[in-house]
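Please read the structure below before turning to the comments.
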Amino acid sequence: MNVLLFGATGMVGQGVLRECLLDPDVRSVLSIGRSATGQQHPKLRELVHKDFLDFSAIESDLSGFDACFFCLGVSSVGMPEALYERITSDFTLAAARVLARLNPGMTFIYVSGMGTDSSERGRTRWARVKGRTENALLRLPFKAAYMFRPAAIVPLHGIKSKTKFIQVSYALLGPLLPWLYRSFPKYVTTTEQVGQAMLKIAKQGGPKPVLENSDINEV
């Protein structure tokens with residue numbers, strides 16, 4: 001399986017990349033981001049690309065993939081509405097539209113979040129934007145598309161978030177995280193679980209197009 005990965009420097013993306021590199025069924029991983037991960041691995045190739053609204057300069061590198069794991073995302077806390085929508089929705093859909101055209105047999109998996117508003121009419125801004133993005137992705141002509149809605153994600157294997165607020169939160173909750181994961185599977189998952197669930201669904205298909213936190217853990 002040839003995998004395309006967006007957002008490999010973020011906390012979720014780091015976990016997904018780790019699982020991809022460990023999986024014997026994954027032949028290659030192309031990581032696309034605005035900065036390189038700095039990792040070296042025989043399976044891994046990286047493309048640094050700055051304009052996530054225009055992929056024409058690298059289109060020739062974007063075909064021949066079986067799966068795309070789209071882990072690029074930001075927190076809406078303190079971010080202007082237009083910028084959050086640009087990064088969360090416009091970047092995602094610009095990439096997905098190109099990939100759907102070049103890879104009609106692709107399985108596309110998007111990391112959204114628990115509480116996403118599929119109706120697009122709720123009061124919470126980030127949930128509406130995520131819901132609109134999910135709905136647009138599900139309409140694209142991929143072989144299959146899945147929306148992952150994790151809640152709290154426990155970073156494993158030395159992985160850290162780049163977001164200061166999340167770093168502090170995990171530092172404070174650190175000793176409790178393993179217990180929370182075991183006790184509340186509906187609300188807590190791990191970077192390892194997310195990565196492994198993505199790979200399993202890319203290979204075998206998933207039970208439904210939108211997977212909540214408990215569904216991810218079950219997979």
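For this chain, numbers begin at 1 and follow the sequence in order. Quick caveat: nothing in here was measured; it's all calculated off a predicted structure.
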Heavy-atom pair of closest approach, residues Gln193 and Ile216: O-CG2, 4.3 Å

Donor-acceptor under 3.5 Å (Asn103 side chain, Gly105 main chain): no

Residue pair Tyr187 / Glu212, side-chain heavy-atom distance below 4.5 Å: no

Side chains of Leu72 and Phe52 in contact at under 4.5 Å (non-hydrogen atoms): yes

From Ile32 atom CD1 to Asp61 atom CG, the distance as rounded to the nearest 0.5 Å: 7.5 Å

No-hydrogen, no-angle side-chain donor-acceptor test under 3.5 Å, Thr37 and Glu46: yes

Under-4.0 Å salt bridge between Asp117 and Arg132: no

CG-CZ distance between Leu5 and Arg45, expressed to the nearest 0.5 angstrom: 13.0 Å

For the student: nearest non-hydrogen atoms of Ile109 and Ala202, plus distance: CD1-N, 4.4 Å

Glu85 backbone acceptor or donor facing Thr88 side chain under 3.5 Å: no

Salt bridge present between Asp23 and Lys203 (N-O < 4.0 angstrom): yes

Exercise: identify the closest heavy-atom pair between Trp126 and Met114: CH2-O, 3.1 Å

Least distance between heavy atoms, Val26 atom then Cys20 atom: CB-O, 3.4 Å

Heavy-atom pair with the smallest gap, counting every atom of Val48 and Arg34: CG1-O, 3.6 Å

Atom of Ala8, atom of Ser31 and distance for their closest heavy-atom approach: CB-OG, 3.4 Å

Side-chain heavy-atom pair Ser119, Arg128 within 4.5 angstrom cut-off: no

Close side-chain approach of Leu21 and Pro42, heavy atoms under 4.5 Å: no

For residues 133-140, dump all side-chain donor-acceptor pairs below 3.5 Å to protein atoms at least two apart in sequence or in another chain.
residue	atom	partner	partner atom	Å
Thr133	OG1	Ser89	OG	3.1
Thr133	OG1	Val129	O	2.8
Glu134	OE1	Arg149	NE	3.4
Glu134	OE1	Arg149	NH2	2.6
Glu134	OE2	Ser112	OG	2.8
Glu134	OE2	Arg149	NE	3.0
Asn135	ND2	Ser118	O	2.9
Asn135	ND2	Glu120	OE2	2.7
Asn135	ND2	Gly131	O	3.2

Inter-residue atom distance Phe148.CZ - Thr189.OG1, 0.5 Å rounding: 9.0 Å

Check: Arg18 main-chain N/O paired with His41 side-chain donor or acceptor under 3.5 Å: no

Residues Leu99, Leu4; criterion side-chain contact (heavy atoms from CB on, under 4.5 Å); working and verdict: CA-CA 10 Å; Leu99 295 176; Leu4 188 59; 3.4 Å; yes

Any side-chain heavy-atom pair of Phe70 and Phe108 under 4.5 Å: yes

Rounded distance (nearest 0.5 Å) linking atom OG1 of Thr107 with atom NZ of Lys143: 5.0 Å

Single-linkage hydrophobic cluster, 4.5 Å side-chain cutoff, Leu93 and Leu83 together: yes

Gly206 backbone acceptor or donor facing Tyr146 side chain under 3.5 Å: yes

Within one Ile-Leu-Val-Met-Phe-Trp-Tyr cluster: Phe55 and Leu47, side-chain cutoff 4.5 Å: yes

Any residue meeting ring pair (Phe, Tyr, Trp, His ring centres under 6.0 Å) with Tyr84, in chain and number order, not counting sequence neighbours: none

Gap separating the CG atom of Asn2 from the CZ atom of Arg27, nearest 0.5 angstrom: 4.5 Å

Nearest-0.5 Å distance that lies between atom CZ in Phe142 and atom SG in Cys68: 7.0 Å

Flag side-chain contact, heavy atom, 4.5 Å: Met106 against Asp66: no

Evaluation steps, side-chain contact (heavy atoms from CB on, under 4.5 Å), between Val12 and Thr191: CA-CA 6 Å; Val12 175; Thr191 49; 5.5 Å; no

Residue pair Phe91, Leu53: steps toward the side-chain contact (heavy atoms from CB on, under 4.5 Å) verdict: CA-CA 6 Å; Phe91 285 5; Leu53 294 175; 3.7 Å; yes

Audit row: Leu211, Met147, side-chain contact (heavy atoms from CB on, under 4.5 Å) steps and yes/no: CA-CA 6 Å; Leu211 291 95; Met147 310 296 113; over 6 Å; no

Test item: Glu19 side-chain N/O and Glu192 main-chain N/O as donor-acceptor pair under 3.5 Å: no

Glu59 atom CD, over 12 foreign heavy atoms within 6.0 Å: yes

Side chain proximity check, Leu17 to Leu44, heavy atoms < 4.5 angstrom: yes

